[in-house]
Amino acid sequence: MAGHSQFKNIMHRKGAQDAKRAKLFAKIAREITVAAKLGMTDPKKNPRLRNAIINARHENMPNDRINKAIQKANSNEDSTHYDEIRYEGIANNGVFLIIETLTDNRNRTASEIRTILNKNGGVLGETGSASFNFDKIGEIKYDLQNVSREKFFDFSIDKNALDVIEESNYIVSTCNPENFGKFRDDLELEFGEPKKSQLVWKAKNLIKLDDDIKKKIFSLIELLEENEDVQGIYSNVYLNE
């Protein structure tokens with residue numbers, strides 16, 4: 001019985017992981033389709049679509065799923081219109097949240113996000129109530145083992161990078177959002193396709209929280225991430241290793 005029980009637990013965990021990955025792929029596919037609709041279906045001529053594909057590969061999304069999402073943009077069968085809406089949340093202990101969404105129903109998404117925040121010690125703020133504590137920047141990430149630290153640093157600075165930092169097994173170069181597309185293209189020509197490429201909200205000041213409080217904030221963030229319309233969440237919480 002013990003072995004059978006262990007097997008069931010393993011299958012349950014695998015099932016949960018598969019469901020989580022399926023939801024992630026659905027969100028990435030939505031971003032790819034929206035990017036292709038707003039621009040051209042050729043990623044070489046559409047910087048946003050190029051980013052979406054790079055990030056899809058980072059998550060090991062199959063090529064057929066990527067291609068299907070691009071084709072959907074030109075499909076007469078899909079008339080769904082998605083709005084890009086940023087929500088700003090305020091939680092306990094000075095925690096601020098930026099919540100980016102792609103939604104086909106503004107009222108539904110706002111209501112669902114407000115409910116999640118209210119039930120977990122937070123509130124949905126007005127525009128500017130959280131974003132004042134963040135800067136929007138471009139972030140291009142490479143595997144450390146695939147590039148020379150010194151060469152990457154020097155090249156990035158020559159191309160007007162804001163900063164170059166190391167995060168775990170990655171080296172990350174940041175830039176102004178206005179220069180993001182060209183900056184990424186310059187890096188790609190020199191070092192190959194990045195591991196990840198995206199516009200992010202970076203907190204100006206990070207706060208440290210006690211472990212118990214941090215767990216509650218992470219639980220709140222996980223609940224928000226489960227919402228199918230949420231594409232990205234950024235906070236000012238300091239994360240140690």
Side-chain angles (χ1 to χ4, degrees), residues 21-89 97-113 127-128 130-131 134-141 159-160 162 172-189 193-202 224-234:
R21 179 162 292 272
K23 184 170 289 188
L24 174 62
F25 284 173
K27 291 185 177 187
I28 294 174
R30 182 180 294 189
E31 167 61 19
I32 291 173
T33 300
V34 169
K37 279 185 176 181
L38 293 175
M40 302 181 72
T41 55
D42 182 357
K44 294 180 180 179
K45 299 178 182 179
N46 185 335
R48 178 169 174 173
L49 178 58
R50 177 71 178 137
N51 283 334
I53 292 173
I54 288 172
N55 296 331
R57 289 173 179 162
H58 173 69
E59 300 296 345
N60 297 316
M61 186 171 176
N63 284 330
D64 62 333
R65 290 286 302 273
I66 294 173
N67 293 331
K68 186 177 180 180
I70 294 173
Q71 293 166 4
K72 189 176 180 181
N74 288 333
S75 171
N76 294 327
E77 300 175 1
D78 180 35
S79 59
T80 306
H81 174 73
Y82 291 103
D83 291 314
E84 297 179 74
I85 304 176
R86 184 184 79 234
Y87 297 96
E88 303 187 20
L97 300 168
I98 299 288
I99 306 158
E100 292 186 328
T101 68
L102 281 174
T103 177
D104 60 349
N105 187 319
R106 290 168 173 255
N107 293 333
R108 180 199 67 223
T109 304
S111 175
E112 290 175 352
I113 289 177
T127 300
S131 58
F134 295 80
D135 291 316
K136 195 165 191 178
I137 62 172
E139 187 178 85
I140 298 91
K141 183 180 295 187
K159 297 298 179 180
N160 299 314
L162 294 175
V172 183
S173 190
T174 61
C175 66
N176 288 314
E178 298 82 8
N179 191 39
F180 180 49
K182 186 178 185 309
F183 186 75
R184 184 209 59 224
D185 290 345
D186 287 342
L187 286 174
E188 186 166 357
L189 284 172
E193 183 176 293
K195 189 69 174 176
K196 200 163 188 180
S197 173
Q198 59 186 343
L199 289 168
V200 301
W201 291 90
K202 183 179 180 181
L224 289 167
E225 285 179 336
E226 288 177 4
N227 185 283
E228 64 179 8
D229 298 325
V230 173
Q231 293 292 108
I233 303 173
Y234 306 92

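All of these numbers come straight from a predicted model, not from anything done at the bench.
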Nearest atoms (heavy-atom pairs only) where Val230 meets Leu224: CG2-O, 3.4 Å
Test salt bridge (charged side-chain N to carboxylate O under 4.0 Å, His left out) applied to Glu225 - qualifying residues, sequence neighbours left out: none
Any donor-acceptor pair under 3.5 Å from Arg48 side chain to Glu31 backbone: no
Modelled atom types, side-chain donor and acceptor of Ser197 and Asn51, under 3.5 Å: yes
Point-to-point distance, once rounded to the nearest 0.5 Å, from NZ of Lys196 to NE2 of His58: 4.5 Å
Under 3.5 Å donor-acceptor, Lys202 side chain and Gly138 backbone: no
Any donor-acceptor pair under 3.5 Å from Lys23 side chain to Glu228 backbone: no
Polar side chain donor-acceptor pair, Ser131 to Glu88, under 3.5 angstrom: yes
Closest non-hydrogen atom pair, Asn46 against Ala35: ND2-O, 2.9 Å
For Asp42, all residues meeting side-chain hydrogen bond (donor to acceptor under 3.5 Å, both in side chains), sequence neighbours excluded: none
Backbone of Arg108 reached by a side-chain donor or acceptor of Asn105 within 3.5 Å: yes
Thr101 side chain vs Ile85 backbone, donor-acceptor pair below 3.5 Å: yes
Option among Ile99, Leu97, Ile98, Thr127 that satisfies the side-chain contact (heavy atoms from CB on, under 4.5 Å) test with Tyr87: Ile99
Worked verdict on Lys182 versus Asp186 for salt bridge (Lys or Arg N to Asp or Glu O under 4.0 Å): CA-CA 6 Å; Lys182 186 178 185 309; Asp186 287 342; 3.0 Å; yes
Arg184 side chain to Pro47 backbone, donor-acceptor under 3.5 Å: yes
Sidechain-backbone polar pair: Asp104 side chain, Asp83 backbone, donor-acceptor under 3.5 Å: no
Validation row: Ile28, Asn55 side chains within 4.5 angstrom (heavy atoms): no
Pair Asp229, Thr109: side-chain N/O donor-acceptor within cut-off below 3.5 Å: yes
